[in-house]
Amino acid sequence: MASATAPVRASAPSPVAGATLAFLLLTALNFVNYIDRYILPGVQELVKKEFHVTDSAIGSITFWFFLTYMLSAPLTGWLGDHFKRKPLIVISAILISLVNLLTGTVHQFDSLLFRHAILGIGEASFGIYAPVLLSDYYPEEQRNRVLTLFYTAIPVGAALGYLIGEIIGSKYGWRMPFYVSAVPGMAIALLILFLLKEPAKGASDANPRPAPGTETATKTEGSLRLILHLAVNPRYMFATLGMAMTVFSLGGISAWMPSFLERKGMSPASIGIVFGAIVAGGGLGGTAVGGWIAQRWLRTNHRALYLVSAWSAAATVPPALLCFFGPRATMLPALALAMFFIMMGTGPLNAAIINSVPASIRSSALAIEMLLIHLFGDTPSPKIIGIISDHSTLAFGLGVTLITMLFAAVLLFIGARYESRMTFDQAALASGVGHR
């Protein structure tokens, strides 16, 4: 196995014209989507009181969201590989906004489950198309930086979602906060429709060429063949499974931490401000620092994207343990530190997954990744935590996330051993196969 020395780089093209505008609009829409996703944890205690349900039932809301999120991913991924992504993004954004506007009609708990299930379809679509489209605007050497900035929408949007949910929900009811995110989402969708120019697929790849093994096959046959190859692509699989374990932890913590803090004696209004600040500050700082470290480390170690993500997962465990089970005085500082560490690997790991596959199947590869990370990640975690909480305490339920973070670290350290100095296309030219 090659030593971790400076990677060999082919000359890479500059970003495609219109890349900056595309980055700004897609990041803004990602920001609004995460506001919407994290409004629910901010209002779920209000939802629980109105419908008189258990913690397990509250966990089911997120379960149904991610169930449709992951089940719709294979179809949306196929659509992204065979059709233009811009109109698909616009359709998904409008769907999300319309579902938010219809929240006012929800007056039964089963209807709330259905609302979140429909929302999952829209968010799954955008979650696949946006990063793939950005990878066509920016060359491989810049994708870690661009995707790191793109995913800063997670902590910032989540923080604002918690804040809007807690503050507006406590004054005007739990339905009102969902209206707040509907209008900007619709506006950004229209800007994308009229201003964005979609580049050709693989426009920024260093060596654009058909995916290996598909030169004489039809487009559909070639895509299906390469999708099967993903199962034996260790770079892709270890990164995806490591992401799944991280998502299990992050999804469970995000869904239940506001309730955990409220049950520890904090008022809903203070939770919205304090927890929002922790998520925004710790998450934004961790995302920025992790991307910066990975970008610099890549100059001397081609495995940096995996290693930064692995170390961030391992470093999350001690402060999270202190937050859940330590003295109340250390709870919030430990939570901030845990949020900082868990977000450090977000940009690098997403860049590693995108770089591990060729442009011709990136949408499908991200769709399968999305299916796996939600199947094993944040689809079951809120429900599992809720069940454990009903039978013991919420702290013990949240403690499950510590185990999955350790699994994530192990998987990513193993995945780093398979990282090659070459890009997917360069390796394909050398070996004539579709995976390494």
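Along the sequence shown, residues are numbered consecutively beginning with 1. Because only heavy atoms are used, hydrogens play no part in the values below, and waters and symmetry mates are left out as well, while side chains stay in.
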Measuring from atom [atom1] of [X] to atom [atom2] of [Y], what distance do you get when rounded to the nearest 0.5 angstrom?
{"X": "Leu375", "Y": "Phe66", "atom1": "CG", "atom2": "CZ", "value": "12.5 Å"}
{"X": "Thr20", "Y": "Tyr137", "atom1": "OG1", "atom2": "OH", "value": "10.5 Å"}
{"X": "Ile373", "Y": "Leu349", "atom1": "CD1", "atom2": "CG", "value": "9.0 Å"}
{"X": "Ile353", "Y": "Leu147", "atom1": "CD1", "atom2": "CG", "value": "10.5 Å"}
{"X": "Ser309", "Y": "Leu411", "atom1": "OG", "atom2": "CG", "value": "12.0 Å"}
{"X": "Thr393", "Y": "Arg263", "atom1": "OG1", "atom2": "CZ", "value": "10.0 Å"}

What heavy-atom pair brings [X] and [Y] nearest, and what distance separates the two atoms?
{"X": "Pro327", "Y": "Leu322", "value": "CD-CD1, 4.2 Å"}
{"X": "Gly122", "Y": "Ser92", "value": "O-CB, 3.5 Å"}
{"X": "Ser392", "Y": "Phe396", "value": "OG-CB, 3.7 Å"}
{"X": "Val308", "Y": "Pro348", "value": "CG1-CG, 4.2 Å"}
{"X": "Met245", "Y": "Met405", "value": "O-SD, 4.4 Å"}
{"X": "Thr246", "Y": "Ala408", "value": "OG1-CB, 3.5 Å"}

*Going through the distances and angles, do Ser381 and Val400 end up as a side chain to side chain contact (heavy atoms under 4.5 Å, CB included)?*
CA-CA 9 Å; Ser381 65; Val400 176; over 6 Å; no

_Derivation and outcome, side chain to side chain contact (heavy atoms under 4.5 Å, CB included), residues His374 and Leu67_ = CA-CA 8 Å; His374 295 302; Leu67 183 64; over 6 Å; no

Is the backbone N or O of [Y] less than 3.5 Å from a side-chain atom of [X], with the two atoms forming a donor-acceptor pair by type?
{"X": "Asn233", "Y": "Ser356", "result": "yes"}
{"X": "Asn355", "Y": "Ala351", "result": "yes"}
{"X": "Thr68", "Y": "Phe65", "result": "yes"}
{"X": "Asn350", "Y": "Thr346", "result": "yes"}
{"X": "Tyr418", "Y": "Tyr236", "result": "no"}
{"X": "His302", "Y": "Leu298", "result": "no"}
{"X": "Ser270", "Y": "Met266", "result": "no"}
{"X": "Thr240", "Y": "Met237", "result": "no"}
{"X": "Gln44", "Y": "Ala255", "result": "yes"}
{"X": "Ser97", "Y": "Ile94", "result": "no"}

*Is there a side chain to side chain contact (heavy atoms under 4.5 Å, CB included) between Val279 and Val156 once you walk through the steps?*
CA-CA 7 Å; Val279 171; Val156 179; over 6 Å; no

_Other residues, nucleotides and ligands only: do more than 12 of their heavy atoms fall within 6.0 Å of OH on Tyr179?_
yes

*Heavy atoms from other residues, nucleotides or ligands near OH of Tyr172 exceed 12 (cutoff 6.0 Å)*: no

*Should Trp311 and Phe413 be marked as a ring-ring contact (aromatic ring centres under 6.0 Å, His included) after you check the CA-CA gap, both sets of side-chain angles, and the distance that decides it?*
CA-CA 8 Å; Trp311 281 114; Phe413 278 124; 5.0 Å; yes

Qualifying residues under salt bridge (Lys or Arg N to Asp or Glu O under 4.0 Å), relative to [X], sequence neighbours excluded:
{"X": "Glu123", "answer": "Arg37"}
{"X": "Arg145", "answer": "none"}
{"X": "Asp378", "answer": "none"}

_Stepwise side-chain hydrogen bond (donor to acceptor under 3.5 Å, both in side chains) check, Asn100 with Arg115_ = CA-CA 8 Å; Asn100 287 336; Arg115 175 221 179 267; 2.6 Å; yes

Any idea how [X] and [Y] line up, ring-wise: parallel (<30°), tilted (30 to 60°), or perpendicular (>60°)?
{"X": "Phe150", "Y": "Phe126", "value": "tilted"}
{"X": "Phe275", "Y": "Tyr162", "value": "tilted"}
{"X": "Tyr34", "Y": "Tyr38", "value": "parallel"}

*Would you check if Leu26 and Ile89 make a side-chain contact, meaning some heavy-atom pair closer than 4.5 Å?*
yes

*Considering the options Lys86, Arg143, Arg85, which one meets the salt bridge (charged side-chain N to carboxylate O under 4.0 Å, His left out) requirement together with Asp136?*
Arg85

*Could you please spell out the steps behind the side chain to side chain contact (heavy atoms under 4.5 Å, CB included) verdict for Leu88 and Ser125?*
CA-CA 8 Å; Leu88 295 173; Ser125 302; over 6 Å; no

*Could you tell me whether Glu50 and Arg175 have a side-chain N and a carboxylate O separated by less than 4.0 Å?*
yes

*Please determine if Glu166 and Lys171 form a salt bridge, counting it only when a charged side-chain N lies under 4.0 Å from a carboxylate O.*
no

*Determine whether the side chains of Ser56 and Asp390 contain a donor N or O and an acceptor N or O closer than 3.5 Å.*
no

*asked:* Side chains of Thr404 and Ser249 only: does a donor on one sit below 3.5 Å from an acceptor on the other?
replied: yes

